[in-house]
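Fair warning: this is a prediction, and the values are worked out from it, not measured in the lab. Note: hydrogens, waters and symmetry copies are ignored here, and every other heavy atom, side chains too, is used.
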Amino acid sequence: MSQTPVSETRETGDVLAVKAQFPGLSGNWHYLDTAATAQKPQAVIDATVDALGRDYATVHRGVYARSADMTLAFEAARRKVAAFLGGQEDEVVFTRGATEAINLVAQTWGVENLKAGDRILLSTLEHHSNIVPWQILRERTGVEIDVCPLTADGRIDLEAAERILTPAHKLMAFAHVSNVLGSVLHVKHAARLAHAVGAKLLIDGCQAAPRIALDMKAMQADFYVFSAHKLYGPTGIGALWARKEILDSMPPWQGGGAMIDRVAFEKTTYAPAPQRFEAGTPMIVEAVGLAAAIDWLQAYGLDRAEAHERNLAGKLREELGKRNDVTLFGPADSVGIVSFAMDGVHPHDLGTILDEEDVAIRAGHHCAQPLMEHLGVPATARASFGLYSDDSDIEALMKGIERTRRIFG
């Protein structure tokens with residue numbers, strides 16, 4: 001399949017040239033569910049196919065040349081992720097995704113460092129993946145959970161967080177970008193607040209990594225997690241970044257091959273971090289695909305991606321704001337994500353009718369039921385943009401909304 005080079009796309013700024021690189025977007029289909037999972041460019045598909053076929057072999061174990069080559073590619077992917085995050089190679093743990101990464105932190109660092117009487121601060125807008133692991137930890141250790149409220153426009157209220165935080169708080173875990181509201185957290189400010197009381201800061205970066213340039217040193221977080229499939233990469237892989245000294249202090253989570261130094265029935269010793277946390281055969285093919293996705297995204301430019309998606313979100317909010325039967329949620333400067341509700345129309349009904357118009361949105365609670373309760377709705381409709389999105393997607397969505405209104409009267 002002939003593809004337009006990303007460098008050429010960058011020079012022309014032609015979104016159609018970007019879209020042409022995504023086989024999943026052929027035809028007149030308007031994909032507005034990128035926050036759930038991004039479509040894959042041909043460069044990622046090709047890299048994954050080659051890794052699964054022509055280049056495939058195990059890693060870390062073989063003495064033959066192809067195994068050595070695949071091991072180099074796998075570890076090169078780790079370095080790629082580290083550079084993408086502005087961290088070090090030995091600070092990156094490959095996981096099945098952000099969900100597993102958060103669970104890893106909860107069941108290793110959390111179990112070792114938190115006890116009854118300690119407190120964790122979450123926010124109202126968190127994804128279930130950044131709520132449930134801490135509740136499981138609470139059941140195991142007796143740690144308490146507090147909830148930071150939101151500002152009127154749907155941001156995590158850091159002034160309220162400052163009032164809530166005490167020396168009893170040992171961890172603050174917030175989303176960098178809300179998967180429902182598109183609101184952006186000032187991570188460095190949050191880090192200052194957490195560290196002022198001696199707490200650690202974990203950031204869920206699933207929605208930020210595909211559209212905001214990251215620098216762990218500048219942000220000063222202690223843990224950062226993301227999933228590859230939202231970043232134009234394959235499913236089944238994500239990453240945990242953690243400060244080296246913290247990662248080194250964490251005990252193993254799962255036991256098996258690859259995470260050991262020496263095994264004996266009397267005693268087993270473990271590999272250093274990050275290998276200590278990667279038991280079993282790793283996500284070989286997926287890691288290569290993730291590296292290709294990062295290459296593709298960085299060639300496009302993270303700053304340009306953020307500007308493009310903010311612009312589209314702003315245009316959609318403006319169009320929806322003209323209707324008196326639509327309620328918008330989140331701040332006016334949301335990045336890439338717009339959630340809304342139509343009077344008298346359940347989001348599932350809206351999503352079904354839009355599908356008939358070849359428009360794909362998300363409809364439901366978006367794994368954020370506490371936020372839905374805060375908003376006073378059972379669910380919302382959510383349109384989310386990617387690098388391949390353009391004005392035609394907004395036009396198709398608005399046309400479908402108008403048809404829905406006619407159907408529901």
Original post:
When rounded to the nearest 0.5 angstrom, what distance separates CZ in Arg310 from CZ in Arg211?
Top reply: 10.0 Å
Original post:
NZ/Lys315 to CZ/Arg317 distance, rounded to the nearest 0.5 angstrom?
Top reply: 16.0 Å
**OP:** With side-chain contact (heavy atoms from CB on, under 4.5 Å) as the test, would you mind laying out the steps for Leu125 and Ser183 before giving the verdict?
**Re:** CA-CA 10 Å; Leu125 59 68; Ser183 50; 3.7 Å; yes
**OP:** Measure from the ring center of Trp241 to the ring center of Phe223 and say whether it is less than 6.0 Å.
**Re:** no
Subject >> Carboxylate-amine/guanidinium proximity below 4.0 Å for Glu402 and Arg405 >> reply: no
Original post:
Is the cationic atom of Arg304 (NZ for Lys, CZ for Arg) positioned less than 6.0 Å from the six-membered ring centroid of Tyr300 and within 45 degrees of its normal?
Top reply: yes
Original post:
Just one of Glu126, His128, His127 clears the side-chain hydrogen bond (donor to acceptor under 3.5 Å, both in side chains) bar with Asn130, so which one?
Top reply: Glu126
Original post:
Between Asp248 and Arg243, is a salt bridge (charged side-chain N to carboxylate O under 4.0 Å, His left out) present by the stated rule, with each step listed?
Top reply: CA-CA 9 Å; Asp248 285 342; Arg243 293 186 181 279; over 6 Å; no
**OP:** Return yes if a side-chain donor-acceptor contact under 3.5 Å exists between Asp46 and Gln42, otherwise no.
**Re:** yes
Subject >> Output field: ring centroids Phe277/Trp109 closer than 6.0 Å >> reply: no
Subject >> NZ/Lys399: more than 12 non-hydrogen atoms of other groups inside 6.0 Å >> reply: no
**OP:** Only one of Leu350, Val345, Asp343 passes side-chain contact (heavy atoms from CB on, under 4.5 Å) with Phe408; say which it is.
**Re:** Val345
Subject >> Working for side-chain contact (heavy atoms from CB on, under 4.5 Å), residues Gln207 and Lys230 >> reply: CA-CA 7 Å; Gln207 300 299 336; Lys230 298 180 189 292; 3.8 Å; yes
Subject >> His374 and Thr124 side chains, donor-acceptor separation under 3.5 Å >> reply: no
**OP:** Indicate, with yes or no, if the rings of Phe74 and His60 have centres closer together than 6.0 Å.
**Re:** yes
**OP:** For Arg79 and Glu89, run salt bridge (charged side-chain N to carboxylate O under 4.0 Å, His left out): C-alpha distance rounded to whole Å, both residues' side-chain angles, the deciding distance at 0.1 Å, then the answer.
**Re:** CA-CA 5 Å; Arg79 291 192 296 275; Glu89 179 181 356; 3.8 Å; yes
Subject >> Atom of Ala106, atom of Leu137 and distance for their closest heavy-atom approach >> reply: O-CD1, 3.4 Å
Original post:
Heavy-atom distance under 4.5 Å between the side chains of Gln39 and Thr34, does that happen here?
Top reply: no
Subject >> Beyond-backbone contact of Tyr232 with Leu387, side-chain heavy atoms, under 4.5 angstrom >> reply: yes
**OP:** Give the intermediate values and the outcome of side-chain contact (heavy atoms from CB on, under 4.5 Å) for residues Leu150 and Asp157.
**Re:** CA-CA 5 Å; Leu150 307 181; Asp157 190 338; 5.8 Å; no
